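What follows is a set of notes on a single structure, which appears directly below.
Just follow the structure's listing: the first ligand is 1, and inside any ligand the first atom is 1. FYI, side chains are in, hydrogens and waters are out, and symmetry mates aren't considered; it's all heavy atoms of this structure. Remember, predicted model here, so these are calculated numbers, not experimental data. Positions are given from 1, in the same order as the sequence printed here.
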Amino acid sequence: MMAAADTIFALASGAGRAAVAVMRLSGPATGPILEGIAGGLPPERRASLRRLRDPASGETLDRALVLWFPRPGSYTGEDSAELHLHGGPAVIAAVAGALACLGARPAEPGEFTRRAFLNGRLDLTAAEGIADLIAAETETQRRQALRQADGALARLHDEWAGRLSRLLAHQEAAIEFAEEGLPTDLGDRARAGAAALRAEIAAHLADAGKGERLREGLLVAILGAPNAGKSSLLNALAGREAAIVSAREGTTRDVVEVRLVLAGVPVTLADTAGLREAADEIEQEGIRRARRRAEEADLVLAVFAADGPPDAGTLDWVARGAVAVANKVDLAPAPPSIGGSQPLPVSALTGAGLDDLRARLAEQAERLVGGGDAALLTRPRHRAALTETIAWLEEAERAALPELVSEALHAALRALGRLTGRVGVEDLLDIVFRDFCIGK
Ligand code: GDP
C-alpha cells in the first residue's frame, strides 16, 4: 500500500450554482484540516452541522454538513471528508481558499479513484465501471456500468487467474518431479488446462463487441437515393426538425445526426447525402461521407420511395444486410419485396408505420448489445489484455520444453493481470484515469 503525502480537495458535485455543493477531501492532513476549518473532528461517518471558519481571520464562511471518514474504510482508503456546502460560487471559492491555506491542494482529474485503486479499495475494471456510471445516459448503460463497478469483470478475471495459477503450479511441480526422476502426467494436464482456458477466454472475446457498443452507443446510418425521404424520416423519428427537408434533390449535403434512446440503448441516427452520381463537388464530398458513415454504422436503414423504382445503389446495401424501408406509402403501396427482403412500409409525412420502424430498430439494438447479466468487455484495453493472454496460452500449448511451458504460463498470467491491474499496471493508469473528471 502506498501512502500519498498530499492532501487533496475537489468539488465532487457539478460546477455552477446549486442548492448544495459537495467538497471532497482526502489525504493524511484531512483530520487537522477539519480541525482548522470546522473547529474539531465530528463523529465518524455521521453528518454533523458545523460552522466553517476562515483559518486566518476566523470569519464564518458557511454553515455546512461535515462528514469525516477515517482510513482505511473510506472511498480512497485514506483519511477523508466531505463538506456539504451551500452551492454558490462564492461559498465554494471561499472554502477552497481556506482548504488551500491549510495545506491541501486541488485534486487532479480522477485522483480520488486513483488513490482508491492504489490503496487496494478497487481494481481497474471497477474504477472504469465508476467512470462509466457517471457517464451513463440510459438505463441499459447504467446497468452495465454498475455491474462492472460491482466487480463482475474482476470476478471473471479472478476465476481465470486462479485456474491459470493452478496450471502453473502443476507445471512447476512436473519440472521438480522430473528432476527427481519421478514420472507424472502433470505437464500434460497443465497443457490440456491451458487449451481449455484459452477456448473459454476466446469465447468471451467473440461477443461481437456488445459491451463497447452499449458503452459508446449504436450508430444507425440512413441511406437512400435523393428525395427518398431520409431527412423527413430522421425528423419524424427524432420528433424535431433536425435535418433540413427540401423538395429539391441533393439538399442534404453533409451528415446530420440526432441522438435517441431505443430499448435503453443510446443510438445516433445519421442522415446522409443521397446516393447518386453527384453533380457538384460539395455534393460528391457529402456522398463520400455518407458511404464512410454507412461503412462504420452498426445498422443501415435503406430508404426507398414507394412511388418509384428502387435504385441500384441503395439495393446494394439491402444485399449487405441493411433494413429496407419503403417510404411515402401515402402516395403508393409498398412493394412486397425489395432486393429479396420485405420492406417496412412507412410514411414520414403521415407517421404511418413509424412505430413499427421504431420497434424494429429497438429489436436490432437489443440484438447488437444485449448481453443479459454477462460480464461484458467494455473497452479495447480489456480485449488487448485477453488477446495477449490467449497468445501466451497458445505458446504454452506449443512449447516443447517444460521450462518454456512454465514461462509462457507466467506471461499469460501477467497479461491477464493487466485486466484488473493487479499485475504490471503503471503504464495503464493514465489511460484509465484519463476518463475521469476532477473530484470523482
Ligand atoms: P431526402 O433527400 O431523402 O432526405 O428526402 P427528404 O426528406 O428531403 O424528402 C424529399 C421530399 O419528399 C420532400 O418534399 C418531402 O416532403 C417528401 N416526403 C418525404 N417523406 C414523405 C412521405 O412519407 N410522403 C410524402 N407524400 N412525401 C414525403
Side-chain angles (χ1 to χ4, degrees), residues 218-260 262 267-339 341-362 364:
L218 293 180
L219 177 63
V220 177
I222 306 181
L223 285 185
N227 270 336
K230 300 177 294 298
S231 308
S232 307
L233 204 53
L234 177 92
N235 288 333
L237 286 169
R240 62 188 163 95
E241 294 291 307
I244 317 143
V245 181
S246 154
R248 238 187 72 229
E249 289 196 351
T251 44
T252 312
R253 291 240 165 111
D254 210 330
V255 180
V256 180
E257 305 193 336
V258 296
R259 303 259 291 165
L260 333 164
L262 291 167
V267 173
T268 301
L269 268 180
D271 173 24
T272 57
L275 293 177
R276 62 160 191 176
E277 293 314 312
D280 66 47
E281 226 168 88
I282 301 171
E283 201 180 321
Q284 274 174 10
E285 177 54 27
I287 289 169
R288 264 195 298 278
R289 286 188 200 174
R291 291 230 168 85
R292 206 155 53 224
R293 211 70 182 116
E295 303 280 354
E296 292 165 9
D298 299 298
L299 198 64
V300 175
L301 288 188
V303 182
F304 300 91
D307 62 342
D311 62 292
T314 314
L315 273 173
D316 283 349
W317 286 93
V318 177
R320 293 171 58 180
V323 174
V325 176
N327 187 35
K328 307 196 188 185
V329 293
D330 54 297
L331 297 181
S337 161
I338 294 181
S341 108
Q342 193 188 344
L344 272 169
V346 302
S347 167
L349 192 69
T350 67
L354 287 183
D355 284 342
D356 288 341
L357 177 56
R358 273 199 201 89
R360 171 72 83 89
L361 285 173
Q364 298 281 339

Exercise for the section: Keeping to residues at least two apart or across chains, list the side chain to side chain donor-acceptor pair (under 3.5 Å) pairs with something in residues 321-330. Expected result: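 Side chain to side chain donor-acceptor pair (under 3.5 Å) check on residues 321-330 returns D330-S347.
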Number the atoms of ligand 1 from 1 as they appear, then name those within less than 4.0 Å of a heavy atom of [X], with their elements.
| X | value |
| --- | --- |
| N227 | 1 (P), 2 (O), 3 (O), 5 (O), 10 (C), 11 (C) |
| S347 | 22 (C), 23 (O), 24 (N) |
| G229 | 1 (P), 3 (O), 5 (O), 6 (P), 7 (O), 9 (O), 19 (C) |
| S232 | 6 (P), 7 (O), 9 (O), 15 (C), 19 (C), 20 (N) |
| A225 | 3 (O) |

Handout entry: Distance-only donor-acceptor check, side chains S232 and N235, under 3.5 Å
Key =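 There is no such pair (donor and acceptor under 3.5 Å, judged by atom type) between the side chains of S232 and N235.
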Problem - 4.0 Å heavy-atom contact, G224 with ligand 1 - result: no
Problem - Chi angles and distances behind the side-chain contact (heavy atoms from CB on, under 4.5 Å) call for V258, L234 - result: CA-CA 8 Å; V258 296; L234 177 92; 3.7 Å; yes
Practice task
Answer side chain, backbone, both or neither: which part of L349 comes under 4.0 Å from ligand 1, heavy atoms only.
Solution key: both
Problem - D330, portion touching ligand 1 at heavy-atom distance under 4.0 Å - result: side chain
Practice task
Indicate yes or no: at least one non-hydrogen side-chain atom of V325 is less than 4.5 angstrom from one of L357.
Solution key: yes
Exercise for the section: Flag the pair V329 / T350 as yes when at least one side-chain heavy-atom distance between them is below 4.5 Å, and no otherwise. Expected result: no
Exercise for the section: Output, in order, the C-alpha distance, side-chain angles, deciding distance and verdict of side-chain contact (heavy atoms from CB on, under 4.5 Å) for V267 and L361. Expected result: CA-CA 9 Å; V267 173; L361 285 173; over 6 Å; no
Looking only at N/O atoms, are [X] and ligand 1 under 3.5 Å apart anywhere?
| X | value |
| --- | --- |
| L331 | no |
| V329 | no |
| A348 | yes |
| D271 | no |

Problem - Minimum heavy-atom distance D298-L218, with the two atoms named - result: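 D298 and L218 have their closest heavy atoms at OD2-CA, 3.3 Å.
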Check: residues 300-310 side-chain donor-acceptor pairs under 3.5 Å, at least two apart:
none

